[in-house]
Amino acid sequence: MTQKIEFVDSHTAGEPTRVILAGGPDLGSGPLSERVKRFGSDYDSLRRAMVTEPRGADVLIGALLCDSNDLTCDAGVIFFNNVGYLGMCGHGLIGLVETLRQLGKLKSDRCRIETPVGIVEATVEAEGSITFDNVMSYRKAANVAIEVPEVGTVVGDVAWGGNWFFLTREPKPRLSVSTIPEHLVLTTAIRKAVNEQGYPEVDHVELFGEPLAKASHSRNFVLCPGLEYDRSPCGTGTSAKLACLAADGALKPGERWVQEGILGTSFTGVYRWSCEEKNEIIPTVTGRAYLTAEGRLLLDDADPFRMGISADETVL
Ligand code: PYC
C-alpha cells in the first residue's frame, strides 16, 4: 500500500515551510496542545517522513493544517521539524497564510489561526506580505552569564516568543553567509551550556550583529532545534527580540524594528503592551512568502525509507 499526503511548499524570506493539507496523521479533536502530544506519541515517525530526506530536508518546517478547537479561529496548525515540534513558527505562519490565500481558502484578508501555544491573528497586506500578531512574548531573564567551554563567558537574555530563545550579541566572527559553519558550532556550544546552566527549555539560540542594509536595525543568526539554522530572520526569534527591547526600554510600542536575517532578508516588527508591569508584549511581525511546489508525498509500504532517513535508523 502507498500512503498519499497532499502538500504545498513555500519559503518565507528563504526559510521553507511544507503545509500538509490532507492525508497526514488524524489527531482527532480537542486542544492543539493535546493534539501535538498525540502527534508525538502515536505518529512521530510520520513527522519524520513528511519533512526529512528522502522527501524533504533537515531545514524544512512542516505545518499540519487542522481544524481549530477554538470556534473563533479559521484553522489550527501544528508546526514540526526534523527533530520534534515547535510551539509557534513565525515564518511558517506566514507560509501557511500565503498557502491558504493562494488556494482560495481564506474567507477574508484577516484570519485567526490556533497553535498549540495560543492564537495568532494574520492579515494579508495589499502589497502581498503577511502580518501576524503573535502570542504574548516576554523576557524571562536578562544578562545571564553562561560559561561556554572553549569560548568563555557569553552574556545573553532568555526570552519567549512562541519558542524559547537565548539571545546574545555576536561573539566573533561577524555574521555572514561565509561564516555560517562557525556560527553553527558556536551556537550549538552556547545552547548546550545554556541548557546545562539553568535553562533546559531553550532550544533556539540567536546571535545579533550589525546589519548590512541601511534600513535594518540588526542582523541575526538563529540556531534551530534540529541543528539547522533559520534562513529567515525567524518570526518567533524576532518576537523574543522585541520583548527584550521592550523590557530594556530600547524600543517604544509601535516603533518599527527591521530584523535582518543571515541571508539579508528581513522581517519588520512592532509591539504593543499586553501587560506593561510584567513586560509582556504582543509582537506584530511582517514578512513575505512565495509558493515553491505542490504535490503528493508517497509513502510506499515496501520502501525501506518510508518513514524518512534518520541517523539512528538505516537499512544496514
Ligand atoms: O520563524 O519562528 C520562526 C521559526 C522558528 C524556527 C524556524 N523558523
Side-chain angles (χ1 to χ4, degrees), residues 9-19 36 47 50-52 56-64 77-99 113 115-122 129-138 159-167 180 183-184 187-188 191 201-208 218-244 257-263 265-269 271 281-290:
D9 283 356
S10 60
H11 79 83
T12 307
E15 178 76 350
T17 306
R18 170 165 290 169
V19 176
V36 69
R47 167 189 60 73
M50 294 188 288
V51 287
T52 64
D58 277 350
V59 65
L60 189 55
I61 303 288
L64 180 69
V77 65
I78 295 173
F79 293 110
F80 55 97
N81 62 16
N82 54 340
V83 292
Y85 303 87
L86 293 163
M88 226 301 276
C89 179
H91 92 270
L93 197 279
I94 293 170
L96 169 67
V97 174
E98 179 60 14
T99 297
I113 308 284
T115 77
V117 294
I119 293 169
V120 292
E121 293 204 25
S129 59
I130 311 278
T131 295
F132 69 90
D133 290 348
N134 198 2
V135 296
M136 185 274 284
S137 302
Y138 67 101
W160 168 256
N163 294 300
W164 281 106
F165 290 82
F166 182 78
L167 304 90
I180 284 172
H183 304 320
L184 274 170
T187 47
T188 303
R191 183 173 61 194
E201 68 275 36
V202 168
D203 56 1
H204 293 72
V205 173
E206 209 170 348
L207 304 179
F208 291 92
S218 158
R219 185 178 181 84
N220 70 9
F221 173 89
V222 182
L223 175 72
C224 295
L227 296 182
E228 271 297 333
Y229 68 94
D230 197 331
R231 275 61 167 166
S232 84
C234 192
T236 51
T238 299
S239 300
K241 177 67 177 173
L242 291 172
C244 295
W257 179 264
V258 180
Q259 184 63 60
E260 185 177 287
I262 192 68
L263 299 188
T265 54
S266 61
F267 287 163
T268 301
Y271 77 89
I281 65 160
I282 301 294
T284 299
V285 177
T286 302
R288 185 160 188 164
Y290 298 90

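Order of appearance sets the numbers: ligands from 1, and atoms from 1 within every ligand. Just so it is clear, the values below take in all heavy atoms, side chains as well, and ignore hydrogens, waters and symmetry mates. Heads up: numbering here begins at 1 and tracks the sequence.
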Would you give the length of the straight line joining atom CZ of Arg47 to atom CG of Asn81, rounded to the nearest 0.5 angstrom?
7.0 Å
If you measure every N or O of Gly90 against every N or O of ligand 1, does any of those distances drop under 3.5 Å?
yes
Distance-only N or O hit between ligand 1 and His91, under 3.5 Å:
yes
Proximal atoms of ligand 1 relative to Thr236 (non-hydrogen, under 4.0 Å)
2 (O), 3 (C), 5 (C)
Where do Leu64 and Phe80 come nearest, in terms of heavy atoms and distance?
N-CE2, 3.7 Å
Under 3.5 Å, N or O to N or O, is Cys234 touching ligand 1 that way?
no
Passes side-chain hydrogen bond (donor to acceptor under 3.5 Å, both in side chains), Glu260 versus Ser266? Steps please.
CA-CA 4 Å; Glu260 185 177 287; Ser266 61; over 6 Å; no
Identify, by atom number and element, the atoms of ligand 1 in contact range of Gly235, meaning under 4.0 Å from any of its heavy atoms.
1 (O), 2 (O), 3 (C)
Between Leu86 and Pro225, what is the shortest heavy-atom contact and its length?
CD2-CG, 4.2 Å
For ligand 1, which is the ligand I care about here, please tell me if Asp230 has any N or O atom under 3.5 Å from one of the ligand's N or O atoms.
yes
Minimum heavy-atom distance Leu167-Gly237, with the two atoms named:
CD2-O, 4.4 Å
Using a 4.5 Å cut-off on heavy atoms from C-beta on, say whether the side chain of Trp160 contacts that of Val117.
yes
Counting heavy atoms under 4.0 Å, the part of His204 that contacts ligand 1 is side chain
